[in-house]
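We're numbering straight along the sequence, starting at 1. For the numbers below, each heavy atom of this structure counts, side chains included, while hydrogens, waters and symmetry mates do not.
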Amino acid sequence: MPSPPAPALSVGRGLFLYLLLGLGWALLGSTGSVDAVSRDWESVTFVVLSALMLALLWLPQARRARRAHAQLGDTASHYRQMFDRNAGLMLVYDLESLQILDANPAAVEFFGWSHAEFVSLTVDALWPDGLDEKLEQAIARIRVDPNRYCAITDQLVLKDGSRRLMEVRGNSITHRGRTARLVIATDRSPEMQARERKQQALARLQEAHDIARIGAWELDPDTGLGLFSDQAYRLLGRRPPSQPRWRRVEDLLAGIDPDAGAHTARLIADLCAGRSRQIDVLIPLMSMDGRALTIHLRTQNNAGTAEIPRILHGTLQDVTEREQARRLLSEREEQFGELVRVLPDAVLILAAGQVLYVNSAGAAQFAGSSENLLGETLENLVDSADLSRVRDYLLIPQRYRSTLATLAPRMRRRDGSRFRASLAVGDVRYGGRDCKLLVIRDLTQSERDRHALEVSNRELQAMAGRLFSLQEDERRAISRDLHDDIGQAITAMKLSAHAALDESDPQRRREDLQQITGLADVTVVKLRNLSMLLRPPQLDALGLEAALRWQAGMLFRSSPVELAAAVNALPQRPSGEIEQACFRIAQESLTNALRHANASQVRLLLDDQEGRFLRLQVIDDGEGFDLRGPRGLGLIVMRERAQTAGGTVEIHSAPGAGTHIDLRLPYRNVAHDTPAMAGH
């Protein structure tokens with residue numbers, strides 16, 4: 001844009017022309033006479049002096065004009081720089097032709113056209129098709145009132161065809177003597193996108209609040225009134241008001257009991273008075289529909305200043321289900337922890353082959369403490385020969401499902417000893433990590449029990465065979481006694497009776513009858529002795545104590561072994577099964593002491609144990625025997641009788657130390673007594 005000529009230069013040129021014209025007029029008008037020459041010099045002097053006077057008068061004005069011109073040039077350059085360097089989008093167009101007259105570099109860069117292309121366009125080229133009518137209406141209003149300020153927000157099109165939401169503001173200017181419009185355009189697309197994202201975020205936040213069951217509320221510390229969101233009303237089982245209104249917080253938060261309501265009121269009062277900085281509590285409330293709620297109430301005061309803010313903002317969240325789930329989870333964790341604690345099997349939690357947790361049974365099983373076993377590696381717990389199988393089982397337990405019974409690896413205790421174990425594995429989460437839950441059952445006792453069961457089975461088989469043999473021997477002995485003694489006595493009585501029938505002499509008949517009477521008495525005694533051997537009548541008639549005294553007296557009547565019997569009266573009579581078991585075990589013990597112990601003294605003790613058990617002891621000072629050696633059938637029978645009656649029998653003996661048989665039996669065998677026996 002060219003600058004106008006400087007005002008000082010124009011004034012200087014005018015004075016010079018005035019001086020030339022004045023001198024020329026004075027000299028050319030001279031006639032050559034003395035008077036004329038004198039007048040010419042006066043004219044010249046007048047012209048020169050007047051030129052000097054004019055110069056003196058116009059010089060300050062010229063300086064001021066020069067400064068004003070310079071300032072005008074600086075202003076024009078400044079505004080041009082502002083136009084070119086402005087970050088905003090600026091362009092100038094002719095109001096009549098709508099021809100774009102100029103555009104700043106920011107507009108050129110934004111719209112994508114070059115400056116030459118831009119100034120060849122009309123302003124309506126920036127509006128997409130379909131929006132021309134709107135532009136024409138705006139142009140028509142501006143032409144009616146050129147000085148009118150105009151602002152339009154609309155879609156504008158760029159060179160690449162894309163559209164941007166722009167805010168266009170225009171003012172009237174004069175551009176090179178023509179009426180034009182200066183347009184400043186602002187891209188509102190980021191703002192619109194940000195507004196849309198804000199709306200979307202608010203919608204998602206509202207949806208999240210609905211899902212998380214969170215409501216917002218505000219508190220005015222001056223009045224103690226609160227303003228609640230619609231979601232807060234719905235959470236509390238209330239209908240949201242048509243218009244937001246302030247109300248007392250404690251009226252809306254109805255406590256489940258008076259204490260809860262009073263507690264809420266105190267919290268709000270402390271917060272309003274500045275005595276409390278925040279509220280972060282769980283409050284039990286009662287909704288309008290009668291449901292018990294647990295509400296998490298939060299709000300915070302200004303922590304950085306001593307002043308109470310004008311409005312406090314907070315939230316309330318329905319955490320009823322969460323609290324119920326937390327309590328249930330806590331109960332389940334306590335139950336699981338108690339189960340793991342009392343479980344007799346070892347429970348280990350492993351991560352990357354290291355122990356993260358071990359229960360007390362596991363610590364005892366591996367002969368260590370729970371603290372010492374933490375961090376222990378699998379290599380130190382499993383025998384090296386079985387380590388690969390155990391690792392495979394932990395990784396792929398399904399591979400061993402069908403052969404789990406055969407997977408009994410040897411485990412290694414901290415003291416170096418080893419034991420067989422059965423394993424069970426599962427996947428668990430512990431400490432935020434994926435871990436393996438390993439249950440280890442020590443098979444040592446099971447092996448012992450299995451071995452003891454096998455030994456017991458063999459003993460039972462031997463006892464059964466021996467019992468059959470003894471039964472046959474007993475039957476044979478009874479048969480022999482009946483045949484040899486009773487049978488012969490009856491035969492003799494029969495012969496004596498026939499002889500008495502045929503005897504005519506009264507004296508001899510009387511002798512035959514007396515012989516028959518004597519044989520009958522002997523036979524009755526033999527039958528009574530035989531019956532008492534089979535089952536002493538004292539046991540049924542007089543009870544256990546009398547039967548034991550009679551049996552001990554019968555056995556030791558003609559024996560040199562001293563018997564010390566202390567048979568105390570029992571507070572109640574045992575059931576028939578208990579009496580029979582105790583009598584037979586005492587009979588077997590006393591018989592063994594007489595036949596096999598070579599004892600000099602035998603003690604028989606019977607007494608009561610706290611009114612719950614009877615205790616029988618048979619103690620001799622004989623040779624004794626090794627309990628680890630082969631055991632006789634009598635000891636096996638005694639143990640089986642005691643177990644069948646619900647009691648226990650302990651046998652203490654050693655070579656040269658005598659034998660002590662200690663029997664404990666209940667007064668009633670609950671598992672085997674019949675109602676009739678229980679009432680016996």
Considering residues at least two apart in sequence or located in another chain, which fulfil the side-chain hydrogen bond (donor to acceptor under 3.5 Å, both in side chains) criterion with E623? N598

side-chain hydrogen bond (donor to acceptor under 3.5 Å, both in side chains) partners for R326, two or more places apart: E323

Look at atom [atom1] of [X] and say whether more than 12 heavy atoms of other residues, nucleotides or ligands are closer to it than 6.0 Å.
| X | atom1 | value |
| --- | --- | --- |
| E338 | CD | yes |
| R429 | CZ | yes |
| R441 | CZ | no |
| R327 | CZ | yes |

Within the distance-only criterion (no hydrogens, no angle test), does the side chain of [X] pair as donor or acceptor with the backbone N or O of [Y] below 3.5 angstrom?
| X | Y | result |
| --- | --- | --- |
| T294 | V319 | no |
| N359 | V347 | yes |
| R433 | A351 | no |
| R573 | L544 | no |
| S653 | G658 | yes |
| D621 | Q601 | yes |

Quick check: closest heavy atoms across [X] and [Y], and the distance to 0.1 Å?
| X | Y | result |
| --- | --- | --- |
| A642 | T648 | CB-C, 4.1 Å |
| L350 | C435 | O-CB, 3.2 Å |
| Q617 | D662 | CG-OD1, 3.8 Å |
| D318 | L293 | OD2-CD2, 4.0 Å |

A side-chain contact here means heavy atoms from C-beta on lying under 4.5 Å apart; do L378 and L394 qualify?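 SC-SC contact between L378 and L394 confirmed.
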
Strictly below 4.0 Å, N to O, side chains only: are E376 and R414 in salt-bridge contact?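 Looking at R414 together with E376, the answer is yes, because their closest N to O distance falls below 4.0 Å.
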
If we count only N and O atoms by modelled type, under 3.5 Å, do the side chains of [X] and [Y] hold a donor and an acceptor together?
| X | Y | answer |
| --- | --- | --- |
| D608 | Y667 | yes |
| R584 | Q587 | yes |
| R413 | S417 | yes |

Got a second to check how far L665's CG is from R615's CZ, nearest 0.5 Å? 12.0 Å

Out of curiosity, I440 CD1 to M411 CE, how far, rounded to the nearest 0.5 Å?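 It comes to 4.0 Å.
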
Residue among R412, R420, R410 satisfying salt bridge (Lys or Arg N to Asp or Glu O under 4.0 Å) with D383: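 Running salt bridge (Lys or Arg N to Asp or Glu O under 4.0 Å) over R412, R420, R410 with D383 returns exactly one hit, R410.
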
